[in-house]
J.: 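Mind looking over this structure? Questions follow.
The structure presented is a predicted model; accordingly, all values stated were derived computationally and were not measured.
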Amino acid sequence: MHVTGTARQPAPASRGNPAAPADGNGRHARRFGLPVATALVMGNIIGGGIFLLPASVAPYGTVSLVAFGVLTVGAIALALVFGRLAERDPRTGGPYVYAREAFGDFAGFLAAWAYWITTWVSNAALAVAAVGYLDVLVPVNDHVWSACLAALVLQWLPALANFAGTRYVGAVQLVSTVLKFAPLLLVAVGGLFFFDSGNLGPFNASGGSAVGAVSAAAGLLLFSYLGVESASVSAGEVKNPRRNVGRATVIGTTGAALVYLLGTLSVFGTVAHDRLAESSAPFTDAVNAMFGGTWGGWAVALAALVSMTGCLNGWTLLSAQTPYAAAKDGLFPAAFARRRRGVPTVGVGVTVVLASLLTVYNYTAGSARVFDVLVLVTTFTATVPYLLATAAQLFHLVSGRRELVNRRRLVRDTVVAAVAAAFSMWLVAGAGYAAVYQGVLFLFAGVIVYAVMAARRQRTP
């Protein structure tokens with residue numbers, strides 16, 4: 001597989017270099033076209049989040065639907081920003097590449113470190129969400145260790161698919177994205193015919209202000225939009241990335257937003273508010289309420305598992321791509337730059353191990369809402385690379401360099417970037433004190449890693 005690079009950062013042909021004939025052009029490696037790139041975006045956005053988040057935000061009341069609408073505007077603004085940045089610099093790494101190019105090594109490292117944390121914590125959260133639907137088919141939630149084991153299996157299966165090569169990653173992603181739309185469209189469209197306003201519950205059930213409830217709900221809901229940057233992070237694996245990365249990002253995000261808004265509204269209108277707040281499989285409950293019995297719920301649970309497995313498949317690839325790009329520049333340990341069959345295998349392995357350890361810790365810690373805890377941590381860590389990438393776009397626009405700025409789109413691009421920046425800052429506030437505290441600890445640990453890596457780079461002749 002050929003990975004787009006620059007003259008400033010040449011890579012020799014070797015076992016760890018994607019341009020090496022024995023690795024990059026093998027039959028297991030394949031570059032993604034626009035359909036697969038769009039599927040990667042939609043598949044990573046529409047994963048475990050949408051299948052469990054209606055229950056997570058139900059305690060805030062229907063004001064969370066307002067949060068979803070605001071979040072959608074911000075997510076599309078981010079998608080447009082990533083599209084513009086990818087046109088300018090279509091290398092693998094996404095936010096890491098953009099931040100480093102604009103602000104230097106330390107900013108690039110922070111973007112890579114925070115995004116890497118986001119990916120493996122997200123994988124743990126997705127696995128926990130998937131267990132809720134697996135429990136509909138096979139009882140596993142009755143005991144902590146059976147649920148924990150199921151979550152670990154759901155993480156390792158996509159990791160094995162990634163070890164097999166990008167050829168299989170793309171195939172799994174495309175199939176799972178197509179299959180997941182069946183239950184989502186069933187609830188999103190069919191649920192409107194069974195909609196009962198009596199199920200909605202109070203507008204603001206949080207007990208606080210409406211603005212605070214919107215921000216808090218958005219902190220959880222951001223998890224459902226993680227993945228908007230997927231095509232830009234894997235730009236080196238996309239055919240004609242300057243054109244296709246932006247298109248895949250905007251198309252995938254817009255499509256996901258429509259499904260999200262309709263699906264969440266339908267779940268709120270078909271499942272009683274009190275029951276929804278305690279549900280571990282809200283889409284299953286919605287289908288059961290629509291058609292009666294349990295057969296529909298079983299079918300939805302099975303489709304949800306397919307969806308989440310596909311999402312874990314895509315996120316596992318993304319979790320290794322940013323460390324790979326940083327490792328090539330000497331900002332991550334060199335082992336992360338090793339590739340086999342188009343996949344950074346060390347990055348995949350380290351990521352799945354860390355996600356597994358976090359999963360075990362959260363199950364054994366006895367948290368009643370493991371999913372919510374993990375989601376809020378990723379909300380904060382995700383805003384770091386998002387904000388740095390948006391700041392990079394503003395930097396280029398304000399600098400006025402002719403080779404970097406399209407003057408005909410200057411006003412529009414500036415407004416979009418400003419909306420994306422304000423959106424990212426708002427999300428930090430909505431994540432809550434506990435999530436920001438834990439997220440800052442993760443970031444500070446990264447500062448130590450950067451210090452060691454920077455010192456090693458200076459010692460290298």
J.: Applying side-chain contact (heavy atoms from CB on, under 4.5 Å), name anything that partners V350, two or more places apart in sequence or on another chain.
T.: W116, F336, V346, L354
J.: Tell me every residue that passes side-chain contact (heavy atoms from CB on, under 4.5 Å) with F106, counting only those two or more places apart in sequence or in another chain.
T.: L110, V447, Y450
J.: Side chains of residues 246-255: which donor-acceptor partners sit under 3.5 Å, not counting sequence neighbours?
T.:
residue: T249; atom: OG1; partner: V245; partner atom: O; Å: 2.7
residue: T253; atom: OG1; partner: T249; partner atom: O; Å: 2.7
residue: T254; atom: OG1; partner: V250; partner atom: O; Å: 2.8

J.: Apply side-chain contact (heavy atoms from CB on, under 4.5 Å) to V131 and list each qualifying residue two or more places apart in sequence or on a separate chain.
T.: V140, N141, A147, A150, A151, L154, Y363
J.: Is there a side-chain contact between L65 and V57, using heavy atoms and a 4.5 Å cut-off?
T.: no
J.: Under the rule for side-chain contact (heavy atoms from CB on, under 4.5 Å), what residues qualify as partners of A389, not counting sequence neighbours?
T.: F82, L85, P95, Y98
J.: Heavy atoms, side chains only, cut-off 4.5 Å: are R84 and H396 in contact?
T.: no
J.: Pair V121, T381 - check side-chain contact (heavy atoms from CB on, under 4.5 Å), show working.
T.: CA-CA 10 Å; V121 176; T381 56; 5.9 Å; no
J.: Would you say L443 and V384 make side-chain contact, with heavy atoms under 4.5 Å?
T.: yes
J.: Please identify each residue that fulfils salt bridge (Lys or Arg N to Asp or Glu O under 4.0 Å) with D135, with sequence neighbours left out.
T.: none
J.: With the side chain counted from C-beta on, respond yes when Y115 and P323 share a heavy-atom pair under 4.5 Å apart, and no when they do not.
T.: no
J.: Please report, to 0.1 Å, the donor-acceptor pairs under 3.5 Å made by any side chain of residues 66-79, with sequence neighbours excluded.
T.:
residue: T72; atom: OG1; partner: F68; partner atom: O; Å: 2.8
residue: T72; atom: OG1; partner: Y225; partner atom: OH; Å: 2.7

J.: For F103, enumerate each residue passing the ring pair (Phe, Tyr, Trp, His ring centres under 6.0 Å) test, keeping only those at least two apart in sequence or located in another chain.
T.: F395
J.: For the CG atom of L387 and the CZ atom of F423, what is their distance to the nearest 0.5 Å?
T.: 11.5 Å
J.: To the nearest 0.5 Å, what is the distance between CE on M453 and CG on D329?
T.: 10.5 Å
J.: Would you name the heavy atoms of P385 and A111 that are closest together and state the gap between them?
T.: CB-O, 3.7 Å
J.: I'd like to check the side chain to side chain donor-acceptor pair (under 3.5 Å) partners of Y60; sequence neighbours left out, ordered by chain and number.
T.: none
J.: Find out whether L331 and Y96 are in side-chain contact, i.e. whether some heavy atom of one side chain is under 4.5 Å from a heavy atom of the other.
T.: yes
J.: Please give me the minimum heavy-atom distance between S424 and T383, naming the atom from each residue.
T.: O-CG2, 3.8 Å
J.: If we ignore hydrogens and angles and just use 3.5 Å, is the side chain of W113 paired with the main-chain N or O of F442 as donor and acceptor?
T.: yes
J.: Closest heavy-atom contact between A124 and T359?
T.: CB-OG1, 3.4 Å
J.: A side-chain contact here means heavy atoms from C-beta on lying under 4.5 Å apart; do L305 and L134 qualify?
T.: yes
J.: In the structure I gave you, are the side-chain heavy atoms of F332 and F109 within less than 4.5 Å of one another anywhere?
T.: yes
J.: Can you tell me how far apart CG (L397) and OG1 (T414) are? Round to the nearest 0.5 Å.
T.: 4.5 Å
J.: Determine, for Y324 and R339, whether the Lys NZ or Arg CZ falls below 6.0 Å from the six-membered ring centre while staying within 45 degrees of the axis.
T.: yes
J.: Kindly write out the residues that satisfy side chain to side chain donor-acceptor pair (under 3.5 Å) with T119, not counting sequence neighbours, or none if the list is empty.
T.: none
J.: Can you tell me how far the CG atom of N123 sits from the CG atom of L312, to the nearest 0.5 Å?
T.: 5.5 Å
J.: Do S356 and Q155 touch side chain to side chain, with heavy atoms closer than 4.5 Å?
T.: yes
J.: If you compare all heavy atoms of L394 against all heavy atoms of A421, which two are closest, and at what distance to 0.1 Å?
T.: CD1-CB, 4.3 Å
J.: To the nearest 0.5 Å, how far apart are OG in S319 and CD1 in I117?
T.: 13.0 Å
